[in-house]
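Structure first, commentary second.
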Amino acid sequence: MSESPRDSRYAAPPSPPSERGAWLLAIAIAAVGLAALVAVLTGVVGRASAPVAPPAVLVSAATPTPARASSAAAAAAASAQASIVASPSLEQQRAQARSFVDVTHTHIARRWMEGFYPIYATAQSTFGVNWLLLASIHKQESAFSTAPGIYHGLNFAHCCGGPMQFNVTNGGAGGGAGVSTWDLVADSYRYGKRPIRYDHMTATHPSIYDDFDAIMAGAHLLSADGAEYALNESAWDAAYDYYGHDATGVTYADQVLARAIGWSQHGFCINCGVEPAMVEAVDAAYGAPVLAALEAEEAKQQPKAQTAVRAAKPGPRT
């Protein structure tokens, strides 16, 4: 009797697949899970990254007292040529004075500011200027680069632009015909190491709209005008030079230095206002003598102007 073909239903089952891959996958999943658990328990995951600290404050500056050395120095400061704003009109000065209040009331996010700290530190170490003075000018000029329109075009006076409001139109200011304030210090970025990344990096350099280029140039200009680490009379003079030599420039320098001194005494505060008492102290020590010299010079010039007007009038007809 011959054997009948075996029913396929009873054929030997195929060999089971190897379980090695499954075990490797399970082990990998377990390792990932364990790493995630450790990260959560140690705070690496589920916690915001640690805030970046501003540069260290070098000195706690004393509140200034009225001890301006000489009226001759005040008169010289009052009559010297403006550095940044080129002869603004009275209405432009008033508009700028109003903007000092408006722009510095803008709320600034901590994360936004952290991008500037390495730039401030580099500028300070490169040019020997207190970073608090530099940061105070940065806030005064553009609310730490947040004011509208600072990354394109020019300001209300059609002369200055960028986060540090550099003058690009005042050819001849201290550097010969055709050389603007920006031209004098545009290459300052070459002296320090540019951070790998920051909030507003332009494609070409130098640029008044690039935060690193502009802040480095601002520090260079302050240094050239006599500012150092101390927040004193020299720092006030440099801030006054930075804006320009007029009554609004006195207000500007008073507020810039008062803010920097306040930060040195109480710590850097992004959104704190300027203490009125500190502004008054700075003005009494440094600003008031210069303003008095300005007013005296203006009073001296008025009779000359009136005489010139009278001389220009035609005489009576005969």
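Below, each value reflects all heavy atoms present in this structure, side chains not excepted, and no hydrogens, waters or symmetry copies.
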salt_bridge(R190, D213) N-O dist < 4.0 Å: no

From T122 atom OG1 to Y117 atom OH, the distance as rounded to the nearest 0.5 Å: 14.5 Å

Heavy-atom donor-acceptor pair, D237 side chain to S234 backbone, under 3.5 Å: no

Donor-acceptor contact present, side-chain N167 to main-chain T181, <3.5 Å: no

W131 backbone acceptor or donor facing Q124 side chain under 3.5 Å: yes

R259 side, atom CZ; C272 side, atom SG - distance, nearest 0.5 Å: 10.5 Å

For L257 against N232, the heavy-atom pair lying closest together: CD2-O, 3.6 Å

Contact check, side chains of T63 and Q265, non-hydrogen atoms, under 4.5 Å: yes

side-chain contact (heavy atoms from CB on, under 4.5 Å) assessment of D225 paired with L221: CA-CA 6 Å; D225 285 334; L221 188 64; 4.0 Å; yes

CG on L291 to OG1 on T248, rounded to 0.5 Å: 10.0 Å

More than 12 heavy atoms of other groups within 6.0 Å of E228 CD: no

Shortest non-hydrogen contact between F166 and V185, atoms and distance: CE2-CG2, 3.6 Å

K300 side chain vs E295 backbone, donor-acceptor pair below 3.5 Å: no

Pairs involving residues 265-285, ordered by first then second residue, that meet salt bridge (Lys or Arg N to Asp or Glu O under 4.0 Å) (sequence neighbours left out): none

H138 ring center near F116 ring center (under 6.0 Å): yes

Distance in Å, D211 CG paired with R194 CZ, rounded so as to fall on 0.5 Å steps: 10.5 Å

Parallel, tilted or perpendicular, as decided by the 30° and 60° cut-offs, for the rings of H205 and Y189: tilted

Verdict with supporting geometry, M164 and I137, side-chain contact (heavy atoms from CB on, under 4.5 Å): CA-CA 7 Å; M164 300 299 283; I137 286 181; 3.7 Å; yes

L58 reachable from L222 in the ILVMFWY side-chain graph, under 4.5 Å edges: no

Spacing of CZ belonging to F212 relative to OG belonging to S188, to within rounding of 0.5 Å: 9.5 Å

4.5 Å side-chain heavy-atom contact, M278 and P64: yes

D210 and Y151 side chains, donor-acceptor separation under 3.5 Å: no

Y209 ring center near H200 ring center (under 6.0 Å): no

Minimum heavy-atom distance between P195 and I119, given as atom pair plus value: CG-CG1, 4.0 Å

Check against side-chain contact (heavy atoms from CB on, under 4.5 Å), M216 and T126: CA-CA 9 Å; M216 289 290 284; T126 301; 4.0 Å; yes

ILVMFWY cluster, V256 and Y229 together (side-chain gap under 4.5 Å): no

Check: A219 main-chain N/O paired with S223 side-chain donor or acceptor under 3.5 Å: no

Test item: D254 side-chain N/O and V279 main-chain N/O as donor-acceptor pair under 3.5 Å: no

N/O donor-acceptor pair under 3.5 Å between E114 side chain and V52 backbone: yes

Over all atoms of both residues, closest heavy-atom pair of S145 and I150: CA-CD1, 3.2 Å

Cluster link L134 to V274, ILVMFWY, side chain under 4.5 Å: no

Nearest heavy atoms of P206 and W182, plus distance in Å: CB-CZ2, 3.8 Å

Aromatic contact, Y252 with W236 (centres under 6.0 Å): no

Closest contact, heavy atoms only, D199 versus W112: OD2-O, 3.2 Å

N/O donor-acceptor pair under 3.5 Å between N155 side chain and C159 backbone: yes

Side-chain heavy atoms of Y120 within contact of P54, under 4.5 Å: no

Y286 with V59, same ILVMFWY side-chain cluster at under 4.5 Å: no

Nearest-0.5 Å distance, NE2 of residue H220 to CD1 of residue I215: 16.0 Å

Sidechain-backbone polar pair: S136 side chain, L132 backbone, donor-acceptor under 3.5 Å: no

